[in-house]
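Each remark here refers to the structure printed beneath this line.
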Amino acid sequence: MTVTETEQCAGDTDGDGPTARVRALAEATAGDRAAARAAVIESLLPLADRLARRYRGLGVPLEDLRQVAATGLIKSVDGYRPQLGRFIAYAVPTITGELRRYLRDRAWAVRPPRRLQELALRTHHAAEALCARLGRLPSVTELADSVGEPVEQVGHAMAAFRAYMAVSLDGAAGGTDAPLVEQLPGADPGIDAVVDRLALAEALTTLPGREQAIIRMRFLDELTQQQIAAKLGISQAHVSGILSRTLHELRDLLSAEAT
């Protein structure tokens with residue numbers, strides 16, 4: 001996904017981020033609030049849809065997952081408070097939590113303990129991400145390092161996940177002779193990056209105008225530091241210092257949100 005598409009997904013093409021739009025609901029009059037709330041929710045539905053797609057292929061119709069994710073988005077909009085920080089950082093775990101609860105309560109053919117169910121889903125998604133990155137199936141040790149759990153627990157979770165769906169992946173599905181395993185979508189490493197890009201797009205709006213301009217010229221327009229310095233009438237060393245400081249601030253900010 002390009003930066004422009006990310007901004008459109010987040011509704012940031014006009015410089016007005018999701019946080020500002022959700023906060024504005026508190027200032028809307030009673031007569032205007034319903035329409036404003038509906039507009040904000042509609043503008044953020046692509047985010048909910050992206051998160052829902054992370055859980056496709058697990059025996060639950062994608063449309064059901066979309067509805068659950070939309071419910072999580074509505075709860076996020078209604079439950080958000082300014083002291084919680086930026087909206088995206090609050091909405092993503094809220095929507096993901098709704099999806100995981102739905103899968104935990106509705107989708108298991110045989111239900112292991114709740115903690116094992118949650119670990120099984122985490123392990124499943126970690127395996128997809130590692131497989132896309134490594135180009136091979138990850139080992140149990142690599143999975144355990146990825147999810148931060150003991151190897152033994154991850155082994156139990158992998159065994160529990162086999163009880164998630166009663167249908168054999170080697171069996172034919174959809175009235176065809178092709179096995180179900182050949183019809184399942186592959187891992188999309190770009191999906192997780194969408195959430196990161198949404199958070200980054202909003203974080204950039206908190207920067208002063210000059211810092212935003214320098215970031216745009218360096219990483220979108222692909223100008224050299226010397227070219228940026230010439231445009232702004234400052235030294236290349238000054239541009240280098242601003243870039244270093246700004247990128248450090250963005251890393252700290254996004255790391256704090258992830259924590």
Side-chain angles (χ1 to χ4, degrees), residues 1-56 58 60-107 188 190-209 211-213 215-216 220 249-250 253-254 256-259:
M1 176 174 282
T2 66
V3 172
T4 300
E5 291 170 336
T6 299
E7 290 175 344
Q8 291 174 344
C9 184
D12 282 338
T13 53
D14 57 358
D16 182 18
T19 301
R21 281 181 277 140
V22 175
R23 286 181 176 176
L25 292 178
E27 302 174 1
T29 62
D32 296 336
R33 190 181 188 282
R37 174 177 175 271
V40 169
I41 291 172
E42 183 177 0
S43 72
L44 292 170
L45 281 176
L47 170 63
D49 185 67
R50 290 282 183 175
L51 294 173
R53 288 177 179 275
R54 294 184 62 188
Y55 296 89
R56 63 185 177 183
L58 295 178
V60 177
L62 179 58
E63 188 57 37
D64 290 353
L65 295 174
R66 284 172 171 163
Q67 292 181 15
V68 174
T71 299
L73 174 61
I74 293 170
K75 289 184 177 180
S76 300
V77 171
D78 292 340
Y80 175 77
R81 298 294 181 269
Q83 62 268 26
L84 296 174
R86 286 207 289 278
F87 177 75
I88 292 295
Y90 170 72
V92 168
T94 302
I95 297 170
T96 302
E98 287 292 317
L99 287 164
R100 287 178 175 173
R101 278 191 292 273
Y102 180 84
L103 291 169
R104 185 188 68 217
D105 296 339
R106 303 290 183 87
D188 185 354
I191 290 178
D192 289 332
V194 170
V195 175
D196 294 335
R197 288 172 179 171
L198 286 170
L200 176 59
E202 188 170 0
L204 289 172
T205 64
T206 67
L207 297 176
E211 278 75 358
Q212 288 190 45
I215 291 290
R216 183 179 65 253
L220 297 185
E249 291 174 356
L250 287 173
L253 184 61
L254 295 175
E257 286 189 353
T259 302

Side-chain contact test, heavy atoms from C-beta onward, threshold under 4.5 Å: evaluate it for L99 versus R54 and give yes or no.
no

Evaluation steps, side chain to side chain contact (heavy atoms under 4.5 Å, CB included), between L65 and L51
CA-CA 9 Å; L65 295 174; L51 294 173; over 6 Å; no

Would you check if the side chain of Y80 reaches a backbone N or O of G85 as a donor-acceptor pair within less than 3.5 Å?
yes

Nearest 0.5 Å, please: how far is OG1 in T96 from CZ in R100?
6.0 Å

Residues L73, E98; criterion side chain to side chain contact (heavy atoms under 4.5 Å, CB included); working and verdict
CA-CA 9 Å; L73 174 61; E98 287 292 317; over 6 Å; no

Interatomic distance, E249 atom CD to L207 atom CG [nearest 0.5 angstrom]
7.0 Å

Working note: R37 + D78, criterion side chain to side chain contact (heavy atoms under 4.5 Å, CB included); need CA distance, chi angles, decisive distance, verdict.
CA-CA 9 Å; R37 174 177 175 271; D78 292 340; 2.8 Å; yes

If every non-hydrogen atom of R21 is compared with every non-hydrogen atom of V40, which pair is closest and at what distance?
O-CG2, 3.9 Å

Once rounded to the nearest 0.5 Å, what's the spacing between atom CD1 of I88 and atom CG of L47?
5.0 Å

Where do D64 and Y102 land on the side chain to side chain contact (heavy atoms under 4.5 Å, CB included) test, with the steps shown first?
CA-CA 10 Å; D64 290 353; Y102 180 84; 3.9 Å; yes

Please round to the nearest 0.5 Å and tell me the distance separating atom CD of E211 and atom CD1 of I215.
8.5 Å

What's the shortest heavy-atom distance between T206 and R86, and which atoms?
CG2-NH1, 3.9 Å

Which atoms form the tightest heavy-atom contact between A48 and A69, and what is the distance?
O-CB, 3.3 Å

Nearest heavy-atom neighbours spanning G72 and T94:
O-CG2, 3.8 Å

Counting only heavy atoms from other residues, nucleotides and ligands, does the tally under 6.0 Å from CD of E42 exceed 12?
no

Nearest 0.5 Å, please: how far is OG in S76 from OH in Y90?
5.5 Å

What pair of heavy atoms forms the shortest contact from A52 to L62, and how long is it?
O-CD1, 4.2 Å

